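Here, residue 1 is the first one in the sequence, and each next residue gets the next number. All figures in this text were calculated on a predicted structure; none of them were measured in a lab. Just follow the structure's listing: the first ligand is 1, and inside any ligand the first atom is 1.
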Amino acid sequence: MNLEDIATVKSILSKPQKIVIIPHKNPDGDAMGSCLGLCAFLRSKNQKASVITPNDYPKFLKWMPYSQEVLNFEKENSQAKKLLQDATVIFTLDFNNFSRTGQLENILMEKQADFIMIDHHQQPSDYAKVTYSDVSMSSTCEMVYNFIEALGELDSIDSGIATNLYTGIMTDTGSFKYRSTSSRTHRVVADLIDRGANNMEIHRQVFDTNSPSRLHLLGVALSNMVIMSKYKTAFITLTQTELDQHNFKKGDTEGFVNYGLTLEGIVFAVIFIENKEEGIIKISFRSVGSFSVNEFAREHFNGGGHDNAAGGRSMDSITDTVERFKTILETYKTQLNS
Ligand code: 5GP
Ligand code: MN
């Protein structure tokens, strides 16, 4: 963060504010960890703060400290609307464009308040009074740690805050292995452990609470995997019927896309997941090396994200979407093989 932004934030927080903190739709570990960690920090500074999620988030994150207090905009609509109406400051975390907030988009566009963005995705839009955007960062949680440090408040990090920030860094770095994981990231998580994050317990809560139906669904996903060696690409499809047959719950498909990248020689992995309720195919893109899935998702599938991890969607049927994907793939043949 630059000095001017730090001064602006200090001045905003020197007065009592009504603060709302918002993650992107379908919040993941980093979105939830950064919002919950920041919320607890702001409350420790005697600010009124609440987290409002655009929609629900996966069960494997529902143990996170303070998560019981989160308002889901779809479910606790009038309460959430009231908080938004009264808000004087709005933090937007782990996204950088209102279009990522689903039903909240219009409210945020109209809302007069001091917006503070903390985010590590590409191409931030320009809506915030303070934009703390850094695409080199492992996670928004690491940035919230930096934010607290910049305010000279690291000693306010208690075990609840540390646990939330640790969780988001762990999930967004694939347990500290993706390219964005720096030595600094490790220093931050080491400090979070010293401040009370129980690393083994967090890992267990997030990764080792599988249901049998989720593992069976993974089996279906893996047997559906199509490997296209000439494009160094592997993709998975899951239809709504397959999801229904395996008692699908939000978050169950988290991480499935990564299996494609564990194949030797594969640099691009994709999963197409049918969502009949929303009438879309939700797509996740992952890559290793220089192939930018952010650009691919932006260009062809209404999405975006990071260089090596991005998401998008298609309004076509799953079959048509896959056919279109294959046609597009041909135009990237050289790039994927370079
Ligand atoms: P996932 O595939 O896990 O949903 O998302 C991978 C990454 O891309 C995450 O950082 C997520 O926030 C981002 N992302 C997912 N969908 C979209 C999208 O539609 N637009 C943008 N800009 N980013 C997305
Ligand atoms: Mn993130």
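Ring pair Phe95/His24 is perpendicular by interplanar angle, where above 60° counts as perpendicular and below 30° as parallel. Using a 30° and 60° split on the angle between ring planes, Tyr332 and Phe291 fall in the perpendicular class, above 60°. Between Phe301 and Phe325, the two ring planes are tilted [angle within 30° to 60°]. Ring-plane geometry between His306 and His121 is classed as parallel, the angle between the planes falling under 30 degrees on a 0 to 90 degree scale with a further cut at 60.
Within 6.0 Å of the OH atom in Tyr178, the count of heavy atoms belonging to other residues, nucleotides or ligands exceeds 12.
Taking only non-hydrogen atoms, the option from Pro23, Ser99, Ala309 nearest to atom 7 (C) of ligand 1 is Ala309.
No hydrogens or angles considered: a donor-acceptor pair under 3.5 Å links the side chains of Glu242 and Thr239. In this model, no donor atom of one side chain and acceptor atom of the other lie less than 3.5 Å apart for Lys230 and Asn337. Side-chain atoms of Glu142 and Asn146 form no donor-acceptor pair, as typed in the model, at a separation below 3.5 Å.
With a 4.0 Å cut-off on non-hydrogen atoms, Glu254 does not touch ligand 1 at all. Neither the backbone nor the side chain of Gln122 has any atom closer than 4.0 Å to an atom of ligand 1 (non-hydrogen atoms only).
Annotation: His121 places an N or O atom under 3.5 Å from an N or O atom of ligand 1; distance criterion only. Geometrically, ligand 1 and Gly304 share a nitrogen or oxygen pair separated by less than 3.5 Å. Of the polar atoms of Arg298, none of the N or O atoms is found under 3.5 Å from an N or O of ligand 1, judged by distance alone.
Proximity of Lys282 to ligand 1 is established by a heavy-atom distance of less than 4.0 Å.
Protein heavy atom at the shortest distance from atom 3 (O) of ligand 1 is Arg286 NH2, 2.9 Å. Looking at atom 12 (O) of ligand 1, its nearest protein heavy atom turns out to be Arg100 NH2, 2.7 Å. Ranking protein heavy atoms by distance to atom 2 (O) of ligand 1, first place goes to Ser284 OG, 2.6 Å.
Taking the ring centre of Tyr57 as origin, the terminal cationic atom of Lys250 falls outside the region bounded by 6.0 Å and 45° from the ring axis.
In Asp94, the N, O or S atom that comes nearest to the Mn ion (ligand 2) is OD1.
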Tell me, with the steps shown, if Ser11 and Thr8 meet side-chain hydrogen bond (donor to acceptor under 3.5 Å, both in side chains).
CA-CA 5 Å; Ser11 147; Thr8 308; over 6 Å; no
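Here the angle centred on the Mn ion (ligand 2), running from NE2 of His120 over to OD2 of Asp172, is 90°, rounded to 10°.
Ligand 1 places these atoms under 4.0 Å from at least one heavy atom of His306: 10 (O). Atoms of ligand 1 lying under 4.0 Å from at least one heavy atom of Gly305, given by number and element, are 8 (O), 13 (C), 21 (C), 22 (N), 23 (N).
In summary, Asp30 places an N/O/S atom under 2.8 Å from the Mn ion (ligand 2), meeting the contact criterion.
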